[in-house]
There are 2 protein chains.
Amino acid sequence: MAHSTISDEQLLIRSAGVFRTYGFEGTSLARLSEATGLEKASLYHRFPGGKEQIALAVAQGTHAWLRQNVFEPLKEPGDPRKKLRTAIEQLRACYDDGTLPCAFEVLSLAGGSPELAGALKDALQAWIKAFTDIAKESGLPSAEARKRAEQAIIQIEGSLIVGRVLGDTKAFRKSLDELPALLS
Amino acid sequence: MAHSTISDEQLLIRSAGVFRTYGFEGTSLARLSEATGLEKASLYHRFPGGKEQIALAVAQGTHAWLRQNVFEPLKEPGDPRKKLRTAIEQLRACYDDGTLPCAFEVLSLAGGSPELAGALKDALQAWIKAFTDIAKESGLPSAEARKRAEQAIIQIEGSLIVGRVLGDTKAFRKSLDELPALLS
DNA sequence: GTCTATATTAAGATAGAC
DNA sequence: GTCTATCTTAATATAGAC
């Protein structure tokens with residue numbers, strides 16, 4: 001491999017793909033090296049903490065991506081139903097139509113550091129809050145909105161797993177299609 | 001470690017605990033050895049195919065457990081609501097009140113063999129069928145029963161993940177509590 | 001900042017004694 | 001059927017050249 005440069009953003013996106021495909025324990029520096037085009041020593045230069053630090057950066061990057069593409073757009077002025085449809089399309093792309101596992105799932109299994117677990121929890125709580133707020137904006141009472149928000153994320157996560165086992169993304173697509181009715 | 005004997009059933013139960021906790025890739029022969037009390041060479045004596053064969057046996061053992069403790073009891077004569085309540089308590093115990101990940105989830109990530117994927121798919125389809133049948137027995141039309149059955153399993157899987165990330169089993173318990181209304 | 005080369009540890013897997 | 005001992009490969013991690 002000749003000299004290679006890759007932006008921090010691209011590096012994290014490709015690393016996220018590896019972690020989401022193989023899980024935290026199944027991700028090796030060799031696989032990260034192949035996916036990023038950087039030799040292992042170069043990965044250590046950028047992330048002295050190795051795999052654990054990369055996983056933490058992936059979790060924080062996932063939170064940042066959700067903030068920019070889902071949470072913030074949902075806060076802008078406009079029809080809540082329309083904003084939600086846009087957010088759903090972002091999520092559909094994020095999960096590659098249901099074929100790519102969720103970072104929350106694969107990074108939360110035993111093996112990760114407490115910092116990683118904390119970052120995942122922060123990001124998921126922010127997601128629940130974003131969905132709760134849009135449901136409230138659509139007219140649902142506070143407690144019901146919160147319930148529906150959790151239910152929506154549970155459905156996304158669950159349908160990804162059922163779809164993965166059955167080899168069929170139908171369940172995931174149905175879950176996304178039901179979100180507008182669930183969150184309003 | 002002195003000589004040790006352990007039944008096939010106990011061996012699979014303890015191995016399942018390791019796989020479900022650390023995932024397929026995170027499960028090493030060393031961890032299986034520690035959990036079962038057998039040296040690595042002894043595990044290879046019983047399972048010449050190594051980790052892959054043990055994972056396959058765990059998947060088949062999970063299917064057998066579900067058949068015996070959930071699917072078959074649901075088929076016996078009696079009030080469907082009462083049978084369902086009993087099945088739910090079995091599932092609650094199986095997931096250790098929501099603290100133990102699901103074998104379908106952790107064994108379906110990339111890394112496993114096609115045989116393993118096939119065994120998981122068979123078991124999950126049987127689970128969907130068992131829930132569909134009990135919903136039909138409760139009076140739901142066939143198509144709706146099938147939809148609710150998938151929804152029930154999606155909720156269980158999703159709530160396990162959300163609960164794991166948030167460090168709170170409330171979502172899982174709520175999912176189980178909602179099953180009777182969902183499947184009748 | 002990236003590379004080649006290497007050290008160290010752990011994982012998968014087997015041989016052969018008991 | 002289980003054990004100790006060993007082999008081979010792969011993983012984490014570092015040193016030092018460019």
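Chain A is the first sequence line, chain B the second, and so forth, proteins listed ahead of strands; every chain is numbered from 1. Please read all numbers here as calculations on a predicted model, not as lab measurements.
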When rounded to whole Å, the CD to C1' distance for the pair Glu39(A) and dA5(C) reads 11 Å

Verify the neighbour count for atom CD of Gln125(B): are there more than 12 heavy atoms of other residues, nucleotides or ligands below 6.0 Å?
-> yes

Could you tell me whether the side chain of Arg148(B) and the main chain of Leu182(B) form a donor-acceptor pair under 3.5 Å?
-> yes

Figure out the CZ/C1' separation between Phe47(A) and dG1(C), and round it to whole Å.
-> 13 Å

Distance, rounded to the nearest Å, where Phe24(A) contributes CZ and dA11(D) contributes P = 14 Å

May I ask you to evaluate whether Arg31(A) reaches the phosphate of dA10(D), defined as a side-chain N or O under 4.0 Å from OP1 or OP2?
-> no

Is the count of non-hydrogen atoms from other residues, nucleotides or ligands lying under 6.0 Å from Gln68(A) atom CD greater than 12?
-> no

Flag, side chain of Lys83(A) to backbone of Glu76(A), donor-acceptor distance under 3.5 Å = yes

How close or far is atom C1' of dA10(D) from atom CD of Glu34(A), stated in whole angstroms?
-> 14 Å

More than 12 heavy atoms of other residues, nucleotides or ligands under 6.0 Å from CD of Glu9(A): is that the case?
-> no

Strictly by modelled atom types, are Arg31(A) and Thr27(A) linked by a side-chain donor-acceptor pair under 3.5 Å?
-> no

Using whole Å, report how far CZ of Arg46(B) lies from C1' of dT14(C).
-> 19 Å

Trp127(A) and its side chain to side chain contact (heavy atoms under 4.5 Å, CB included) partner, picked from Thr62(A), Asp122(A), Ile153(A) | Ile153(A)

Least distance between heavy atoms, Leu107(A) atom then Leu116(A) atom = O-CD2, 3.7 Å

Cation-pi geometry met for Lys51(B) and Phe24(B) (6.0 Å, 45°) | yes

Take nucleotides 12-18 of chain D nucleotide by nucleotide from the 5' end and write B, S or -, depending on whether a protein heavy atom sits under 4.0 Å from the base, only from the sugar-phosphate, or from neither.
-> BBBB---

Base-pairing string, 5' to 3', of DNA chain C - Watson-Crick or wobble, under 3.5 Å, | interstrand = ||||||||||||||||||

dG1(D) OP1/OP2 closer than 4.0 Å to side-chain N/O of His45(B) = yes

Please determine, for the side chain of Ser42(B), which listed nucleotide (dC3(C), dT2(D), dG1(C)) has the closest atom?
-> dT2(D)

